[in-house]
Enquirer: 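Right, I'll just put the structure down here and ask away after.
Counting convention: from 1, in listed order, for ligands and their atoms alike.
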Amino acid sequence: MDSSRSEIKNRIIKLRSYIHDLNYSYYVLNKSSIQDFEFDKLLKELEELELKYPEFYDPLSPTQRVGGSVQQFNSIKHVYPMLSLSNTYSNEDLKDFDKRIKKITNNNIEYVCELKFDGVSISVIYNNGKFSKAITRGDGSFGDDVTLNVKTIKSIPLELRGDVPDKTIELRGEIFIFKKEFKKMNKERLKKGLEAYSNPRNTASGSLKLLDPQEVSRRPLDCFFYSLLGRKLPYNNHYENLKIVKKWGFKVSKFTEKCSSIQDVIMYVNKWDKLRHNLPYDIDGIVIKVNNINEQEKLGNTSKFPRWAIAYKFQGEQAFTKLNQITYQVGRTGAVTPIANLEPIKISGTIVKRASLHNADQIAKLDIREGDLVFVEKGGEIIPKIVNVQKDKRNIFSQPTIFINYCPECNCKLIREKGEAQYYCPNNKTCPPQVKGRFAHFISRNAMNIDGIGPETIELLFENKLINNLPDLYHLQKTRLLTLERMAEKSIDNLAKSLENSKKKPFSKVLYALGIRHIGETVAEKLTEHYKNIDDLINDSYENLININEVGHKIAESIILFREEKDNLQLIKDLKNIGLKFSSNKENNYTSNKLLNYSFVISGVFNDFSRMEIKNLIENNSGKSKSSISKKIDFLLTGNNPGSTKINKAVDFNIKILKIDEFLNMLK
Ligand code: IVH
């Protein structure tokens, strides 16, 4: 490079770095260290140089925040699933959380309390300190690639500052809009004759889904970061890691605090319940996290939530409206939920027309009647609920609500089990929402994950009498499907492919997919770890069942009720014949010496295998499966969300880290 060109290159690099610094100062630290016109001058100089010397193009230059176009968002698998948080609403709930934690860890637990920002969550990935990808939460396992849209958010660094990690790191944060910016935006929209946006959260979430990054760059989006993920984290505690995240140039809330007892946590919660209205952005609660990462790992996750964190939700906004009518909805398991149909009312920026009344007891407790004036509360993402009734305004002719006796869908007499608040329609064979709901559950992502059809297609197939029992799905004829509206050849082929793939799903997923009442994902996982096959499971005694960790009397009774129905036994037989897995090591009960002398530690969650299945695979092939890393271990087999302590130790001991595909190759 001749000297003038290298001078130009240096100037470009210098300008980029200076403008990155200025942006950081302005958008993250809220300090303007230069006049606007001077900033514009520098930016213009950089733009012109980059235009003239395209060979020095850098996609992460501050001039390249807005660029490219999006046709559709690609779905990307999260390396670490994006879990949600379980919610609590009272001090008692918080104390219970503390007790649960201390049962598993120790008494000197330290918590970190954070504001719960009311926006939309995002996962951002950096390679060697450079912005690489941004993915939405999606269903927690797969999200949408919104890289180009997130790149337009100026407070998110394109290059990290200071000591930069030379590996892949992933950060989680919440994209939001400041209240002031939101008001300004709406004022401008109204001026232009456009409809105002409903609330900052929905607007932030909608903005990420726009196909035009140029338009996104005009939205005043911002982002607070609240977790750091990666194979080797800088510190062993969350609080210190957040400090590093801040040093790298991210916006991290200054209100995050360490608390050494649950009483301190409660004080933090109470303080912010009062102060939250003064904040310049919306929060809907407080997030409480165990600080120590080893303890977090020890506590682990359920399939939906981490056990080491919880959200305390503030009471939502309340409004007063008329309850026009009570209707009843029948769910997949036959549970009948009363629904309040309300005179539409705006709460927290959205129009509310319906609220859940939960069950007959709730109606009786509040003496809720049609025609009543009621207080409705809407908190975050929860379905609005009725919290009170204005009885003195009640019409003198109003009658107490009598819960229906017959199913509104199939007219079958409803039943109510002893001690249960819920009424059920027992007609699980022909009651339409139950039959359709069973299919919707069976095909859902966390169950058999059958692409190519959704609830609408299920509706269509059901209406056309093509499906009634789950096995019918596997006997659908292409020629018949082609005669249906909305069923194109390609989607039929996709459906066939994913039905075929579903035969590889592990026993735990199949068990969950059956939709047996009270058997959620975690329970299915626990049961399939305990029982090698479905026959051992459903034929076991009530006493044995309730002795299993996480199995209580409701679950045990539900399993027994399930086996008492002949049709259910036939269902299992039919699905077995189709080829679904009803045992943990069905395919793999052959033995070999392929893993002889090798020892493995397993960490993380696997999509197509339960941990027990992997353990069996190792042992059936003469390998050893151990629970903790030591120098004697040969391999660390990792799935999604592996424990970082295990990874760190494996790296320290020079233990080979395997992905599931590499492991399966060893068995070939
Ligand atoms: S931590 C596994 N911290 O709340 C822990 N979440 O209801 C995952 N959120 O999906 C979340 N502020 O979108 C965490 N300080 C905070 C948060 C926060 C807001 C959101 C986030 C998450 C949702 C869970």
Enquirer: Given that the side chain starts at C-beta and the backbone is N, CA, C, O, which of these parts of Tyr226 lies under 4.0 Å from ligand 1, counting heavy atoms, or is it both or neither?
Expert: side chain
Enquirer: Pairs of nitrogen or oxygen atoms closer than 3.5 Å, one from Val120 and one from ligand 1: do any exist?
Expert: no
Enquirer: Could you check which of Cys113, Gly173, Ser253, Pro306 puts a non-hydrogen atom nearest to atom 2 (C) of ligand 1?
Expert: Pro306
Enquirer: Determine whether Phe255 and Glu114 make a side-chain contact, defined as any pair of heavy atoms from C-beta on separated by less than 4.5 Å.
Expert: no
Enquirer: Check Lys289 against ligand 1 and report side chain, backbone, both or neither, counting heavy atoms closer than 4.0 Å.
Expert: side chain
Enquirer: Lys116 heavy atoms, cut-off 4.0 Å: which ligand 1 atoms fall inside?
Expert: 4 (O), 7 (O), 12 (N), 19 (C), 23 (C)
Enquirer: Hey, are the side chains of Phe314 and Asp284 touching, using non-hydrogen atoms and a 4.5 Å cut-off?
Expert: no
Enquirer: Around Tyr26, counting heavy atoms of other residues, nucleotides and ligands shown, do more than 12 lie under 6.0 Å from its OH?
Expert: no
Enquirer: So, is Glu114 polar-close to ligand 1, with some N/O to N/O distance under 3.5 Å?
Expert: yes
Enquirer: Before signing off on this row, confirm whether Asn87 and ligand 1 have an N or O atom pair separated by under 3.5 Å.
Expert: no
Enquirer: Are Met448 and Val510 side-chain neighbours, meaning at least one heavy-atom pair lies under 4.5 Å?
Expert: yes
Enquirer: Is it the side chain, the backbone, both or neither of Leu85 that has a heavy atom closer than 4.0 Å to ligand 1?
Expert: both
Enquirer: Looking only at distance, does Leu115 have an N or O less than 3.5 Å from an N or O of ligand 1?
Expert: yes
Enquirer: Could Arg100 and Asp96 be called an ion pair, given the rule that one side-chain N must be under 4.0 Å from one carboxylate O?
Expert: no
Enquirer: Between Arg172 and Ser227, does a side chain to side chain donor-acceptor pair (under 3.5 Å) hold up when you go through it step by step?
Expert: CA-CA 5 Å; Arg172 300 274 159 88; Ser227 31; over 6 Å; no
Enquirer: Are Tyr89 and Tyr312 close enough that their ring centers fall under 6.0 Å?
Expert: no
